[in-house]
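Below: one structure, written as structure tokens.
Lettering of chains follows the sequences in order, A, B, ..., and the numbering in each one begins at 1.
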Protein chains: 2
Amino acid sequence: MRTEDLPEIRHLPLFRNMLQANFDDLMRGAYAQNFPAGLELIQQGQPADFLHVVVEGSVELFSGWQDNRCTMAVVDPIGTFILAACIKDAPYLMSARTLERSRIILVPASDLRAIFRRDPEFAVSVIGELASCYRAMVRHAKNLKLRNSRERLAAYLMKQSQGRFGDESFKLNVEKRLIASYLGMTPENLSRNFKALEAHGVKIEGQTVTIFDRRALEAICPLDRLLDGADEHSTQNGVGLPFGI
Amino acid sequence: MRTEDLPEIRHLPLFRNMLQANFDDLMRGAYAQNFPAGLELIQQGQPADFLHVVVEGSVELFSGWQDNRCTMAVVDPIGTFILAACIKDAPYLMSARTLERSRIILVPASDLRAIFRRDPEFAVSVIGELASCYRAMVRHAKNLKLRNSRERLAAYLMKQSQGRFGDESFKLNVEKRLIASYLGMTPENLSRNFKALEAHGVKIEGQTVTIFDRRALEAICPLDRLLDGADEHSTQNGVGLPFGI
DNA sequence: CGAACCCTTGACAGAAATCAACTAAGGTGG
DNA sequence: CCACCTTAGTTGATTTCTGTCAAGGGTTCG
């Protein structure tokens, strides 16, 4: 793996506080790889062999059942995924595929399990990371159960617009069909919801979204700290969402 | 707190492997309390002060937004809840209320955070517990996104019927309205779905459910290891579900 | 006994999925 | 450079699913 990747990985909340010797051990067994867009990195149901760290590009986590599939999250740099499966030594609950050309570090799950047992600081970091992932998934489930599809879209747009320059106009960084799946609706329904929101302070032009009347949009769906907030130090935070609220 | 509670708590996966001295420290700051049915133990948004351990009775975890509310999980003995909020020192994402007369142990969150930092074995247990909670919530979200309401009910009934004596007839151990909310539908819709399933191998009489043709029910909704399974050692496992599949 | 409350049922309204057709954009290969 | 193909996105028509409102039966509990 490229040595220039190491400092950035070392700086991750998950690896920041562990002993250097243990970090070195962990990285010795690890290797980096470049993948083209659209490649399926892991399939749900497979045994968890590697913790994945996204260094460049982005990865979709998704699930399938019968003929249905749905997006569960998108992981951007620098983020990790399927930590929980690695720790439990259990099958992946989600599949993963690259959305673009991506550079991924693969850390053997067995090394991971061995090292957090002997490095208490690392164990504490893993605890923090898992707690964040858990809370993110609780929010995701709450969002699905407590809001209808139009409200979910409104909240998504407001959350996306935060933490960006200008705070008014921004570009969607993933396909609309993926957003639809992430928000639990069909692409057709998303399209109609976009249109419906044009009467409530939002303008859509291709990939560009402009919130020209935030108050009107908030009237449709006020953001909520317990639904739309994000914990600090989370590395896997839904569809590329900035922190805050 | 009653000393007869201690061995049972000590036997929990979460506390099983920690040093006796640390367990004693943790329990010194803890206290047990009996609560009547229907009491709201914690409210979403409050700071996380205590890890809760259900020794007797049962507790509903639920969330609200605007005028909506939904059940997220039910915790039975011996189970813990809101571990993640305690660890992150963050506000609760869910509220909790007793469903019946319950005995709960309250463990100060600050003690918890201090002790997993100095007891690596305990940290490892916390990691395992959080990973299980995370995976349970992933399953919950997948269930909501990949199945319709009738399929969710069918899967719920099959899962409930497992691990019980006879494997054919059993009693629902919570109110139907709560099951409805847990499964993401209205009570009216649940009622209609029950009726609809009577043509597919299920008989409902009050609280008693009989699956007289499991194959017919599986045709409606086959169980799936990645959706309906449960990790071992999880303490908080949805609406009082037995493990397995 | 009355007052809640849960559950059910029916009628209806609204939300969302499906099916089909069409447009637009992007990439490929001649 | 253009014709072609593929795919994402949109739109309309329709069906299906789900929620809402209202009423009634049954049970529990004070």
If you look at every heavy atom in A:S63 and A:L93, which pair is closest and at what distance?
OG-O, 3.2 Å
Where the side chain of A:S132 meets the backbone of A:L130, is there a donor-acceptor pair that is under 3.5 Å apart?
no
Under 3.5 Å donor-acceptor, A:Q160 side chain and A:L172 backbone
no
Measure from NZ on B:K176 to P on C:dC7 and round the result to the nearest Å.
7 Å
Heavy-atom closest contact (B:R147 atom, B:P222 atom, distance)
NH2-O, 3.4 Å
Pi-cation contact, A:Y134 with B:K88 (under 6.0 Å, within 45°):
no
Shortest non-hydrogen contact from B:V138 toward A:M72:
O-CE, 4.0 Å
Axial cation check for B:F194 ring with B:K176, 6.0 Å and 45° limits:
yes
Any donor-acceptor pair under 3.5 Å from B:R97 side chain to B:L39 backbone:
no
So if I take residues 187-204 of chain A and measure heavy-atom distances to DNA chain D, which residues fall below 4.0 Å?
A:E188, A:S191, A:R192, A:K195
To the nearest angstrom, the CG-P distance between B:L146 and C:dA17 comes to 13 Å
Starting from the first five and the last five pairs of the helix from C:dC1-D:dG30 to C:dG30-D:dC1, work out the angle between the resulting helix axes, to 10 degrees.
40°
I'd like a table of atom pairs between the protein and nucleotides 26-30 of chain D - only N or O on both sides, under 3.5 Å - with the distance next to each one.
none

What's touching nucleotides 22-28 of chain C from the protein side, N or O pairs under 3.5 Å?
none

Give a yes/no answer on whether the side chain of B:T186 brings an N or O atom under 4.0 Å of OP1 or OP2 in D:dT18.
no
Heavy-atom closest pair, residues B:F62 and B:T71
CB-CA, 4.1 Å
What is the distance from CG of A:L99 to C1' of D:dT7, rounded to the nearest Å?
16 Å
Which pairs of donor and acceptor atoms, one on a side chain in residues 48-57 of chain A, lie under 3.5 Å apart (sequence neighbours left out)?
unit_1	atom_1	unit_2	atom_2	d
A:H52	ND1	A:F50	O	3.0
A:E56	OE2	A:R2	NH2	2.9

Spacing of A:R152 atom CZ relative to C:dA16 atom P, expressed in whole Å:
7 Å
Distance, rounded to the nearest Å, where B:L144 contributes CG and D:dC17 contributes P
18 Å
Go through the structure and list residues passing side chain to side chain contact (heavy atoms under 4.5 Å, CB included) with A:N68, not counting sequence neighbours.
B:L146
Look at the side chain of A:T210 and the backbone N and O of A:S169, then say whether any donor-acceptor pair between them is shorter than 3.5 Å.
no
Find the distance A:R150:CZ to C:dA15:P and express it as a whole number of Å.
8 Å
Considering all heavy atoms of both residues, which atom of A:L144 and which atom of B:A141 are nearest to each other, and what is their separation?
CD1-O, 4.4 Å
When rounded to whole Å, the CZ to P distance for the pair B:R147 and D:dC17 reads 17 Å
From the set D:dT18, D:dA8, C:dC6, return the single nucleotide nearest to any side-chain atom of B:E175.
C:dC6
Distance-only, no hydrogens or angles: does the B:N143 side chain make a donor-acceptor pair with backbone N or O of B:R139 under 3.5 Å?
no
Nearest to the A:R177 side chain among C:dA17, D:dG9, C:dA15, which nucleotide is it?
D:dG9
